[in-house]
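Heads up, the thing below is written out as C-alpha cells.
Every value quoted in this text rests on a predicted model; they were computed, and no experiment measured them. Reckoned from all heavy atoms, side chains included, excluding hydrogens, waters and symmetry mates. For ligands, and for the atoms within them, numbers begin at 1 and follow the listed sequence. If you read the sequence from its start, that first residue is 1, and numbering goes on from there.
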Amino acid sequence: MATPTATVTNRRLVLLPLPLQGHLNPMLQLANILHSKRFSITILHTRFNSPNPTNYPHFNFVSIPDDGEEKLLISDIGNLLRLFNYINTSLVDPFRECLERLMSEDDGVACLITDAQWYSTQSVADDLKVPRIVHRTSNISSFRAFSRIRILREMDLIRRFSDQEMKSEELVPGLEPLKVKDLPKFLTMEAEGVCKVLELIVHGSKRARAIIWNTFRELEDRELEALNQDFPNPHFLIGPFHKYFSASSSSLLVQDQTSLSWLDKHPPNSVLYVSFGSIVKVEESQFLEIAWGLANSKQRFLWVVRPGSIEGSEWIEALPDGFLKNIVEGRGYIVKWAPQQDVLAHPATSSFWTHSGWNSTLESICEGVPMICSPSFGDQLPNARYVSEVWKIGVTLENWFERGEIESAIKRVMVEEEGLEIRNRIMNIKGIVNLCLKEGGSSYSSLEDLVNYILSF
Ligand code: UDP
C-alpha cells in the first residue's frame, strides 16, 4: 500500500503501548508506518506482555523496570481497572526515569506517542517539556461515549450500570444511535471505578498535543465533526494501520497456520470464522451453547478457542465426545489462536462471528467480511451498534449464549437474503478503504499532515 513520500528525518519518536494484544498490534503497526517516514523508533514497554524485539530489528526497545507486581496482572489480564491503575501509579516514576535517560542521549526525544490509557504520562511529558501525542486504539464513535462520561453520569445514566437498567433500550441523548445498554462497562469494574478512570483517560487525551486514530474519515466523518466540538486538538485519522504492514509479528500467542490449510480445502465464501479476541472469557455452559449453536447451524466454521478463555477449563475438554468428527461431521475446525488477518482475507471465509473489538471490526471491514457481533464490554458495545445500525454491515446477536439464537443469527448472515445485502454494503466500504490509503486519499493525506506536524515541534 502506498505511503506518502518519504521525509528526510532521523528524529526519534518514543512510543509507549498498553501491554494488551489489541493495543500492541496497532501501536507496533503505527511504529512501522512512522519508521517508513524516516523517524527513528524507540518502543518503551512493560516487562509483561512485551513485544518480541527480534521481529523488529529496526526499532530500539527499552523495558520499564517494574516492582514484580506485574506477574499478578498476567494471570488476571481481564481486570482492566487494576491494570490501568497499576501503570498510572506504580510505573510513573520508572517511566519518567526511562524518558529522562532517553532525552539525555544524543538522539534526544522529538515526541512521545502513548496509548491513551497511559494518562499519567501527560504530566511527566509536561514537566520534561516533551510533546505528547495520544494514540487511540478505539474508534471515534465509541470514544465519544467515553468522552461524555461526566455528563452521562450527571444525567444519572452511568449510575445505573450496576442495575438491571443496563439492559435499557433508551437512546442516549446526544449519542444516538447508542442506547443506555451500549454505554461503556468493563469486566470486573464497578461504576465508580469505570467513571474515574475514563475521566482521567479523556482528560489526558484532551491535554495531549494531538490524537492519532486507527480509523478513516469516510467511516466516521459525522462523529469526528461532533468530537471536534469538545476536542479541539488536531486529529489524524490515518487508518487502517494494518493495511500498511501486517500485524502478525506482534502476536503474543503462536498463530496456528493450519487454520489456512484447513480453509484451503473449502469452497469460496463457505466458512464462518469465530473468534472473541484476546480478553473475553465465557463460562463452560456458555461455551457449550456456542458449540451447539455452531453445530446446529450446519455451516462450516473455523473457531478460535483461546486457552484459558473458558472458566474452569484448560481448553476444549468440555466439548461432547466426538464433537468435531461425529456431531459436526468435519465441517468445523478449532484452533487456539489464528493468523486472523490472513483468515479474514482467505477466499473461503464468508462471515465473522466476533466480540466486536475495534481491531477485529476494522480487519473485517478491510476484507469485506460481514459480521455477527456479540459484544461484552468496553468499546465492543458501541462498535456493535454502529456495525449493525449505522454502517449496516453485520447483525448483533445479543443473547449469544443461547443455541437457537446463535443458529438463527448464523443463518441470517450466511444463508438468507439479508446476508447478501450486508455483503454488498461491506464490499462497498472495503473499496473506500482502498481508496483512502492511495495517494490523495484521506488517510494518506492525514499521514502526511501528521509527519509535518511532528516535524514542526
Ligand atoms: N487476533 C489474532 N488471532 C486470533 C484472534 C485475534 O491474531 O486468533 C488478533 C486480531 O487480528 C486483532 C487482535 O488480536 O488484531 C484483537 O484485537 P481486538 O481489538 O479485536 O480485540 P481484543 O483482543 O483487544 O479484545
Side-chain angles (χ1 to χ4, degrees), residues 17-30 32 49 51-52 55 77-80 83-84 115-117 135-139 141-143 184-188 213-215 239-260 262-263 271-282 301-309 315-316 333-346 349 352-367 369 371-384 386-387 394:
L18 189 72
L20 295 175
Q21 185 72 75
H23 292 248
L24 277 171
N25 285 357
M27 187 62 107
L28 286 160
Q29 289 154 5
L30 176 63
N32 266 331
N49 276 354
N52 182 352
N55 291 331
I77 200 72
N79 191 335
L80 298 178
L83 173 66
F84 297 164
D115 194 291
Q117 264 65 342
H135 167 219
R136 279 297 316 181
T137 54
S138 68
N139 59 21
S141 315
S142 61
F143 183 70
K185 63 177 164 127
F186 286 85
L187 298 173
T188 69
W213 299 89
N214 186 12
T215 184
F241 296 176
H242 74 281
K243 292 307 273 183
Y244 299 82
F245 298 97
S246 158
S248 54
S249 52
S250 56
S251 186
L252 294 166
L253 299 171
V254 177
Q255 296 177 318
D256 187 337
Q257 300 298 326
T258 65
S259 311
L260 301 174
W262 186 82
L263 285 172
V271 176
L272 174 69
Y273 171 58
V274 186
S275 169
F276 305 121
S278 61
I279 298 175
V280 169
K281 284 188 171 190
V282 298
F301 62 86
L302 168 64
W303 182 11
V304 175
V305 182
R306 212 180 64 247
S309 64
W315 192 39
I316 53 172
Y333 191 56
I334 301 180
V335 294
K336 293 180 174 166
W337 195 244
Q340 179 163 302
Q341 289 169 20
D342 297 329
V343 165
L344 289 168
H346 196 285
T349 303
F352 182 13
W353 183 10
T354 171
H355 68 307
S356 298
W358 181 236
N359 294 293
S360 294
T361 305
L362 203 51
E363 289 162 14
S364 207
I365 289 175
C366 288
E367 302 307 334
V369 177
M371 284 165 267
I372 300 171
C373 305
S374 295
S376 295
F377 67 95
D379 65 338
Q380 299 160 17
L381 298 141
N383 293 345
Y386 270 76
V387 164

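Below 30°, between 30° and 60°, or above 60°: for F276 and W353 the angle between ring planes is above 60°, a perpendicular geometry.
Around atom 1 (N) of ligand 1, the closest heavy atom drawn from Y273, W337, F276 belongs to W337. Counting only non-hydrogen atoms, the option in Q341, Q340, Q255 that gets closest to atom 10 (C) of ligand 1 is Q340. Nearest to atom 11 (O) of ligand 1 by heavy-atom distance, out of E363, Q380, H242, is E363. Comparing H355, K336, Q21 against atom 22 (P) of ligand 1, the shortest heavy-atom distance belongs to H355.
Contacts with ligand 1 closer than 4.0 Å are made by side-chain heavy atoms of S275 only, the backbone lying farther away. The parts of N359 lying near ligand 1 are both backbone and side chain, judged by heavy-atom distances below 4.0 Å. With a 4.0 Å heavy-atom cut-off, ligand 1 is reached by no atom of H23.
Counting heavy atoms from C-beta on, the side chains of W358 and R136 never come closer than 4.5 Å. For the pair L30 and H135, the minimum side-chain heavy-atom distance is below 4.5 Å. Side-chain contact between V387 and T354 is absent, with no heavy atoms from C-beta onward closer than 4.5 Å. Between L83 and Q117 the shortest side-chain heavy-atom distance does not fall below 4.5 Å. Using a 4.5 Å heavy-atom threshold, the side chains of S142 and N139 count as touching.
Each of the following atoms of ligand 1 lies closer than 4.0 Å to a heavy atom of G22: 17 (O), 24 (O). If you number the atoms of ligand 1 from 1 as listed, the ones under 4.0 Å from a heavy atom of W358 come out as 19 (O). Taking every heavy atom of G277 and a limit of under 4.0 angstrom, the matching atoms of ligand 1 come to 23 (O).
In terms of polar-atom proximity, defined here as any N/O pair under 3.5 Å, S278 does make such a contact with ligand 1. Considering both main-chain and side-chain atoms, A338 comes within under 3.5 Å of ligand 1 through a nitrogen or oxygen pair.
E367 and K243 are joined by a salt bridge, as a carboxylate oxygen and a charged side-chain nitrogen come within less than 4.0 angstrom of each other.
For the side chain to side chain donor-acceptor pair (under 3.5 Å) test with Q340, the passing option among Q255, H242, E363 is E363; the others fail.
Heavy-atom distances between L20 and ligand 1 stay at or above 4.0 Å for every pair.
The two residues L260 and H346 have their closest heavy-atom pair at O-NE2, 3.9 Å.
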